[in-house]
Amino acid sequence: MLKNILYFSFFSLLLSCGGQSYYDIDNEDDYDDYDYLDEEFEDIFVDEMDASSNLSTPIEADWELLISNEIAEDQIINFEGYLGRLPNTMYNSDNRELTLDVYERRNQIEGNKMRVDVVIGTTPGHVRSLPKDYEQSDLRVVCDQDIIAGVASHVRIQGEYGESSGTYYNYLDLKKIRILSDDFDESVFDEAVKLHNKVIDTEELDDVYSYMDCSLSLSSYMSDFSGKYTINIKQDDNKYTERAYVYIGNTAGKMEALPTSYSDKDFIIYDYLGNPHKGTEGKFRLYGTFNRLDVESKGVFTVEEFKKL
């Protein structure tokens, strides 16, 4: 509507000035100029309307496209991903929305993501409000047919795209969300690179999806830091990584909380299928992301999934 008003107002200004015609009615060239301007601005207006119409037609976006900044601003898109953890979730300043981080992989907390603004409410396409002291289980996103999604849920999202200045995330205003099957697709493991010295020394591979084959152990002092533990790892492929972060829980990719007085028998981890294992028995392949830091250890590895070897 605003574009229509501006369009016709502009031509009203061209056609009249102080009550007098802007064009000399005795000069046929002025009529030709008017026709040219009319056609030119009509073409621009039609092009803008066509562009707006195209933006409202949803397009499918994979993760490479989502982060490429090649999508038009305000384009409606569909994509699939996993809801991130609540520590990465923020109330907007007016407390009417939550900003959720959505990742390509289950249990991912580093690397490429989409930040999705969701209005607080109780109907599909909204998110329930959080208590003041919230836990992971308090994230409740209302999907189609009133099905509830939470942390690590696999979802299909439709929303209005917005480009950010960041190189690893963009924004989306949520319009629709549907929960997908929780069946784990093992083919994602094929995308991981082996974490060795050369990978760690390559800055372009920061936050790369990687894996290590390790023996695991607990340290003499285990502290719960932001819902995760630091465990000791022993492996032969790089000289930098001696520890890894593991989030606490009893689902795939997590480890159980330790009692105040613990021993190796309390070290229970869950593989990518959700099966429990004693962490000190045998070797495991750890899948996750390595975040470079400018320190002697070079960085931090955060576990996403365990696989028993």
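Just so you know, these numbers come straight off a predicted model, no measurement behind them.
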Query raised in the report: Any side-chain heavy atom of Leu172 within less than 4.5 Å of one from Arg115?
Result: no

Requested in this report: Examine the side chains of Ser187 and Asp190 and answer whether a donor and an acceptor come within less than 3.5 Å of each other.
Outcome: no

Report task. Show the numbers, then the answer: is there a side chain to side chain contact (heavy atoms under 4.5 Å, CB included) between Asp173 and Asp117? Result -> CA-CA 5 Å; Asp173 288 329; Asp117 291 336; 3.6 Å; yes

Report summary line: Residues at least two apart in sequence or cross-chain that pass salt bridge (Lys or Arg N to Asp or Glu O under 4.0 Å) with Asp74, listed by chain then number, are none

Query raised in the report: Would one find more than 12 heavy atoms of other residues, nucleotides or ligands at under 6.0 Å from atom CD of Glu64?
Result: no

Query - Nearest-0.5 Å distance that lies between atom CZ in Arg85 and atom CD in Gln108 - result: 13.5 Å

Requested in this report: Run the ring-centre check on Tyr247 versus Tyr229 and record whether the distance is less than 6.0 Å.
Outcome: no

Query raised in the report: How would you list, by chain and number, every residue that makes a side chain to side chain donor-acceptor pair (under 3.5 Å) with Ser261, sequence neighbours excluded?
Result: none

Requested in this report: Identify which one of Phe306, Phe189, Tyr287 satisfies the ring pair (Phe, Tyr, Trp, His ring centres under 6.0 Å) criterion when paired with Tyr272.
Outcome: Phe189

Report summary line: One should read off an interatomic distance between Leu98 CG and Ser129 OG, to the nearest 0.5 angstrom, of 8.5 Å

Report task. Sorted by first residue and then second, give each salt bridge (Lys or Arg N to Asp or Glu O under 4.0 Å) pair with at least one member in residues 132-152; sequence neighbours left out. Result -> none

Query - Glu60: partners by side-chain contact (heavy atoms from CB on, under 4.5 Å), with sequence neighbours left out - result: Asn78, Arg156

Query raised in the report: Which value, rounded to the nearest 0.5 Å, describes the distance between Met114 atom CE and Ile67 atom CD1?
Result: 6.5 Å

Requested in this report: Kindly indicate whether the side chain of Phe79, heavy atoms from C-beta on, has any atom under 4.5 Å from the side chain of Asp62.
Outcome: no

Query raised in the report: Any Lys/Arg nitrogen of Asp271 or Lys307 sitting under 4.0 Å from an Asp/Glu carboxylate oxygen of the other?
Result: no

Query raised in the report: Step by step, would you call Ile120 with His126 a side chain to side chain contact (heavy atoms under 4.5 Å, CB included)?
Result: CA-CA 5 Å; Ile120 295 172; His126 296 80; over 6 Å; no

**Report entry** Interatomic distance, Thr99 atom OG1 to Leu174 atom CG [nearest 0.5 angstrom]
**Finding:** 11.5 Å

Query raised in the report: Less than 4.5 Å apart, any side-chain heavy atom of Asn170 and any of Tyr161?
Result: yes

Query - Ile76 reachable from Leu55 in the ILVMFWY side-chain graph, under 4.5 Å edges - result: no

Query raised in the report: Does any non-hydrogen side-chain atom of Val155 lie less than 4.5 Å from one of Glu80?
Result: no

Report summary line: Taking every heavy atom of Gly274 against every heavy atom of Ala252, the minimum-distance pair comes out as N-CB, 4.0 Å

**Report entry** Side chain proximity check, Gln158 to Pro58, heavy atoms < 4.5 angstrom
**Finding:** yes

**Report entry** Other ILVMFWY residues reachable from Ile268 by side-chain steps of under 4.5 Å
**Finding:** Tyr270

Quiz: residues 214-224 side-chain donor-acceptor pairs under 3.5 angstrom, not counting sequence neighbours:
residue, atom, partner, partner atom, Å
Ser219, OG, Tyr221, O, 2.7
Asp224, OD1, Gly227, N, 3.0

Requested in this report: Take the angle between the ring planes of His277 and Phe284 and call it parallel below 30°, perpendicular above 60°, tilted in between.
Outcome: perpendicular

Query - Derivation and outcome, side chain to side chain contact (heavy atoms under 4.5 Å, CB included), residues Thr241 and Gln235 - result: CA-CA 8 Å; Thr241 312; Gln235 42 79 43; 4.3 Å; yes

**Report entry** Tyr245 side-chain N/O to Phe225 backbone N/O, donor-acceptor pair under 3.5 Å
**Finding:** no

Query - Under 4.5 Å side-chain linkage, directly or through intermediates, the cluster mates of Val142 - result: Ile148

Requested in this report: Measure the shortest side-chain to side-chain distance between Ile77 and Leu66 over non-hydrogen atoms and say whether it is less than 4.5 angstrom.
Outcome: yes

Query raised in the report: Any link between Leu180 and Val127 through a network of hydrophobic side chains (Ile, Leu, Val, Met, Phe, Trp, Tyr) touching at under 4.5 Å?
Result: no

Requested in this report: Evaluate whether atom NZ of Lys278 has more than 12 neighbouring non-hydrogen atoms of other residues, nucleotides or ligands under 6.0 angstrom away.
Outcome: no

Query raised in the report: Do any N or O atoms from the side chain of Gln136 and from the backbone of Leu86 form a donor-acceptor pair under 3.5 angstrom?
Result: yes

Report task. Kindly write out the residues that satisfy side-chain contact (heavy atoms from CB on, under 4.5 Å) with Val188, not counting sequence neighbours, or none if the list is empty. Result -> Arg105, Phe184, Glu191, Tyr209

Query raised in the report: Between Tyr262 and Asp266, what is the shortest heavy-atom contact and its length?
Result: CA-OD2, 3.3 Å

Report task. Not counting sequence neighbours, which residues clear salt bridge (Lys or Arg N to Asp or Glu O under 4.0 Å) with Asp213? List them please. Result -> Arg285

Report task. Determine whether Val119 and Leu130 fall in the same hydrophobic cluster, where Ile, Leu, Val, Met, Phe, Trp and Tyr are linked whenever their side-chain heavy atoms lie under 4.5 Å apart. Result -> no

Query raised in the report: Is there side-chain contact between Met212 and Asp237, with heavy atoms separated by less than 4.5 Å?
Result: no

Report task. Using distance alone, with no hydrogens and no angle criterion, decide if Glu305 and Asn107 have a side-chain donor and acceptor under 3.5 Å apart. Result -> yes

Query raised in the report: What pairs with Thr251 under side-chain contact (heavy atoms from CB on, under 4.5 Å), at least two apart in sequence or on another chain?
Result: Lys254

Requested in this report: Write down the atom of Leu83, the atom of Gly150, and the distance for their closest heavy-atom approach.
Outcome: CD1-O, 3.3 Å

Query raised in the report: Between CD1 of Ile248 and CE of Met255, what distance do you get to the nearest 0.5 Å?
Result: 7.0 Å

Requested in this report: Let me see the working for Ile59 and Gln75 under side chain to side chain contact (heavy atoms under 4.5 Å, CB included), right down to the final yes or no.
Outcome: CA-CA 8 Å; Ile59 64 171; Gln75 172 69 56; 3.8 Å; yes

Requested in this report: Tell me who clusters with Tyr168, hydrophobic residues only, linked when side chains sit under 4.5 Å apart either directly or through other members.
Outcome: Tyr169, Tyr171

Report task. State the CD-CD distance between Glu70 and Glu163, to the nearest 0.5 angstrom. Result -> 10.0 Å

Query raised in the report: Can you find a heavy atom in the side chain of Leu195 that is under 4.5 Å from one in the side chain of Phe301?
Result: yes

Report summary line: Scanning both residues in full, the closest heavy-atom pair of Leu286 with Ala244 reads CD2-CB, 4.4 Å

Report summary line: Those residues at least two apart in sequence (or on a different chain) that pass side-chain contact (heavy atoms from CB on, under 4.5 Å) with Tyr82 are Arg106, His154

